[in-house]
Enquirer: 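Quick one: the structure is below, and I'll ask about it shortly.
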Amino acid sequence: LENTGIEIDENSVFDIQIKRLHEYKRQQLNALYIIYKYLEIKDGKKPERPITFIFGAKAAPAYYFAKKVIKLINSVADVVNNDPDTNAYLKVVFIENYGVTIAEKIMPAADVSEQISTAGKEASGTGNMKFMMNGAVTVGTLDGANVEIAERVGDDNVIIFGLKDNEINELRWNGQYNAWDYYNNDPRIKNVVDSLVDGTFHASREEFRMIFDELMNRNDEYFLFADFEAYLKAQAKVDELYRDRAKWSKMCLVNIAQSGYFSSDRTIEEYVKDIWKLDRVKR
């Protein structure tokens, strides 16, 4: 409230995505989901528990598309947060000047850690480990360090969704992926995408035309539509699990307990043995 002027419900689910802004990290998928929830609430389907979506990100100076995504998130926030039909159930916050100091406050507050990159694109990532260490439950694709997190905590304590990297590669190279098919066959996708250019979130219908074109006319390079249905189901699973406070608390504790695997001591020791072979050097 002090920095953004946005008052949030401290008892709401804190769903957080803080990381560098890049298309492959798919902040735009998160934004499309928020739009979906907004339209759903406007139609009268209210969530059982309020949700607060928190973003923190910076974009490279010349990365114009990423800046458009930031603009979209803030524009969606302006509409959602000020609509009396929705703001009791949904809030969106984009934190300015995201950095380590802010992360130290935001990560311990997280209920849900958004790690939703296009499978096969994330080299590793450490933010998901920090969220895990603070008891957040990961919602993510099977990508980067999510793979190791899932191995450590087990399927019951992480929410993995979406296509795997080999499936993404097959779609990418077989030439059969068509964004317009998803748009024309799934009214949910159509409604969300249309809202980018129909004046719902900005007076100028051209403000987010670039994002619309990237999805529709450049064939959704990062496969948001391919994972959209699975992402909705993952979020529905969050809602279901969060209702069982004992179950959710156990998931948090398992994540905290298993996070020790990602310590720098273990990592460096493995590098010494497996990469640098220094354990073979005679002293």
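No experiment lies behind these values; they were computed from the predicted model shown.
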Enquirer: Please determine whether a side-chain nitrogen of the Lys or Arg among K250 and D156 lies less than 4.0 Å from a carboxylate oxygen of the Asp or Glu.
Expert: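 Salt bridge: no.
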Enquirer: Should I54 and T52 count as side-chain neighbours, where that means a heavy-atom distance under 4.5 Å?
Expert: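 Yes, side chains in contact.
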Enquirer: Can you tell me if D83 uses its side chain to pair, donor with acceptor, with the backbone of V79 under 3.5 Å?
Expert: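 A pair under 3.5 Å: no.
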Enquirer: Before giving the answer on ring pair (Phe, Tyr, Trp, His ring centres under 6.0 Å), spell out for F225 and Y183 the whole-Å C-alpha distance, their side-chain angles and the decisive distance to 0.1 Å.
Expert: CA-CA 8 Å; F225 295 164; Y183 176 88; 7.7 Å; no
Enquirer: Is a salt bridge present between E114 and K19, judged by a nitrogen-to-oxygen distance below 4.0 Å?
Expert: no
Enquirer: Would you say that K58 contacts L21 through its side chain, given a criterion of any heavy-atom pair below 4.5 Å between the two side chains?
Expert: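 Counting from C-beta outward, K58 and L21 never come under 4.5 Å.
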Enquirer: Any donor and acceptor pair, going by atom type alone, linking the side chain of N219 with main-chain N or O of A179 inside 3.5 Å?
Expert: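 Checking the backbone N and O of A179 against the side chain of N219, a donor-acceptor pair under 3.5 Å is found.
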Enquirer: Would you find a donor on one side and an acceptor on the other, under 3.5 Å apart, between the side chain of T138 and the backbone of G140?
Expert: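 Here the side-chain-to-backbone pair does not exist.
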Enquirer: Hey, does the side chain of R49 reach the backbone of S12 with a donor-acceptor pair shorter than 3.5 angstrom?
Expert: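 No, the answer is negative, given that no donor and acceptor are paired below the 3.5 Å cut-off.
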Enquirer: Among M251, Q258, R152, whose side-chain contact (heavy atoms from CB on, under 4.5 Å) with N157 holds?
Expert: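 Running side-chain contact (heavy atoms from CB on, under 4.5 Å) over M251, Q258, R152 with N157 returns exactly one hit, M251.
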Enquirer: Answer whether the closest heavy-atom distance between the side chains of E240 and K247 falls below 4.5 Å.
Expert: no
Enquirer: Tell me the closest heavy-atom pair linking F223 and R26, and the distance in Å.
Expert: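 Smallest heavy-atom distance, with atoms named: O-NH1, 3.1 Å.
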Enquirer: Begin from the C-alpha positions of L90 and I41 and carry the test side chain to side chain contact (heavy atoms under 4.5 Å, CB included) through to its verdict.
Expert: CA-CA 9 Å; L90 204 60; I41 294 169; 4.2 Å; yes
Enquirer: Same cluster for I16 and I159 if Ile/Leu/Val/Met/Phe/Trp/Tyr side chains link at under 4.5 Å?
Expert: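 Different hydrophobic clusters.
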Enquirer: Determine whether a donor-acceptor pair (N or O, by modelled atom type, separation under 3.5 Å) exists between the side chain of D143 and the backbone of G120.
Expert: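 Checking the backbone N and O of G120 against the side chain of D143, a donor-acceptor pair under 3.5 Å is found.
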Enquirer: Is any side-chain heavy atom of Y242 closer than 4.5 Å to a side-chain heavy atom of V137?
Expert: no
Enquirer: Ion pair present between K71 and E207, side-chain N to carboxylate O less than 4.0 angstrom?
Expert: no
Enquirer: Compare all side-chain heavy atoms of R188 with those of L232 and state whether any distance is below 4.5 angstrom.
Expert: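 Yes - at least one pair of side-chain heavy atoms lies under 4.5 Å apart.
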Enquirer: Okay, side chain of N255, backbone of M133: is any donor-acceptor separation there less than 3.5 Å?
Expert: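 No, N255 side chain to M133 backbone: no donor-acceptor pair under 3.5 Å.
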Enquirer: When Q115 is tested against each of V139, T141, N146 for side-chain contact (heavy atoms from CB on, under 4.5 Å), which residue passes?
Expert: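 Answer to the side-chain contact (heavy atoms from CB on, under 4.5 Å) test with Q115 among V139, T141, N146: N146.
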Enquirer: Using the six-membered ring wherever Trp is involved, compare the ring planes of F212 and W180 and label them parallel, tilted or perpendicular (cut-offs 30° and 60°).
Expert: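 The rings of F212 and W180 stand perpendicular, inter-plane angle above 60°.
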Enquirer: Between CG of L142 and CG of D165, what distance do you get to the nearest 0.5 Å?
Expert: 8.0 Å
Enquirer: Can you tell whether the side chains of K273 and E270 come within less than 4.0 Å, N to carboxylate O?
Expert: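 Result for this pair is no, no salt bridge flagged.
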Enquirer: If you define the side chain from C-beta out and look only at heavy atoms, does anything of V69 sit under 4.5 Å from I211?
Expert: yes
Enquirer: With no hydrogens and no angle check, just 3.5 Å: does a side-chain donor-acceptor pair link D213 and N217?
Expert: yes
Enquirer: Taking the six-membered ring where the residue is Trp, are the ring centres of Y24 and Y222 under 6.0 Å apart?
Expert: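 No, the ring of Y24 stays outside the 6.0 Å limit from the ring of Y222, centre to centre.
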Enquirer: Compare every heavy atom of S195 with every heavy atom of T200, then report the nearest pair and how far apart it is.
Expert: CB-O, 3.8 Å
Enquirer: Shared ILVMFWY cluster between L39 and V193, side chains joined below 4.5 angstrom?
Expert: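 They do share one cluster, since a chain of ILVMFWY contacts under 4.5 Å joins L39 to V193.
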Enquirer: Nearest heavy-atom pair of D220 and A226: which atoms, and what distance?
Expert: OD2-N, 4.3 Å
Enquirer: Can Y36 and N191 be counted as having a side-chain donor-acceptor contact under 3.5 angstrom?
Expert: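 No, no side-chain donor-acceptor pair sits under 3.5 Å.
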Enquirer: Should D239 and R243 count as an ion pair when the cut-off is N to O under 4.0 Å?
Expert: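 So D239 pairs with R243 through a salt bridge.
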Enquirer: To check you understand the geometry: which heavy-atom pair defines the closest contact between V80 and T86, and what is its length?
Expert: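 Nearest pair, atom of V80 first, then T86: O-OG1, 3.0 Å.
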Enquirer: If you compare all heavy atoms of I102 against all heavy atoms of E96, which two are closest, and at what distance to 0.1 Å?
Expert: CD1-O, 3.5 Å
Enquirer: Cation-pi between R266 and Y261: NZ/CZ under 6.0 Å from ring centre and within 45° of the ring axis?
Expert: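 Yes - R266 lies over the ring of Y261, closer than 6.0 Å to its centre and within 45° of its axis.
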Enquirer: Can you confirm if the aromatic rings of Y177 and Y182 lie within a centre distance of less than 6.0 Å?
Expert: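 Yes, ring centres under 6.0 Å apart.
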Enquirer: Of the non-hydrogen atoms in R172 and E221, which two are nearest, and what is the gap between them?
Expert: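 For R172 and E221, the tightest heavy-atom pair comes out as NH2-O, 4.0 Å.
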Enquirer: Determine whether a donor-acceptor pair (N or O, by modelled atom type, separation under 3.5 Å) exists between the side chain of N81 and the backbone of V92.
Expert: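 Yes: the side chain of N81 pairs with the backbone of V92.
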Enquirer: In plain terms, say whether E229 and K233 are close enough for a salt bridge, that is, a side-chain N and a carboxylate O under 4.0 Å apart.
Expert: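 Yes.
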Enquirer: Between T267 (side chain only) and S263 (backbone N and O only), is there a donor and an acceptor less than 3.5 Å apart?
Expert: yes
Enquirer: Given side chains that start at C-beta, do those of Q27 and I116 come closer than 4.5 Å, heavy atoms only?
Expert: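 Of all side-chain heavy-atom pairs linking I116 with Q27, none is under 4.5 Å.
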Enquirer: Taking C-beta and beyond as the side chain, do I106 and F14 meet within less than 4.5 Å on heavy atoms?
Expert: no
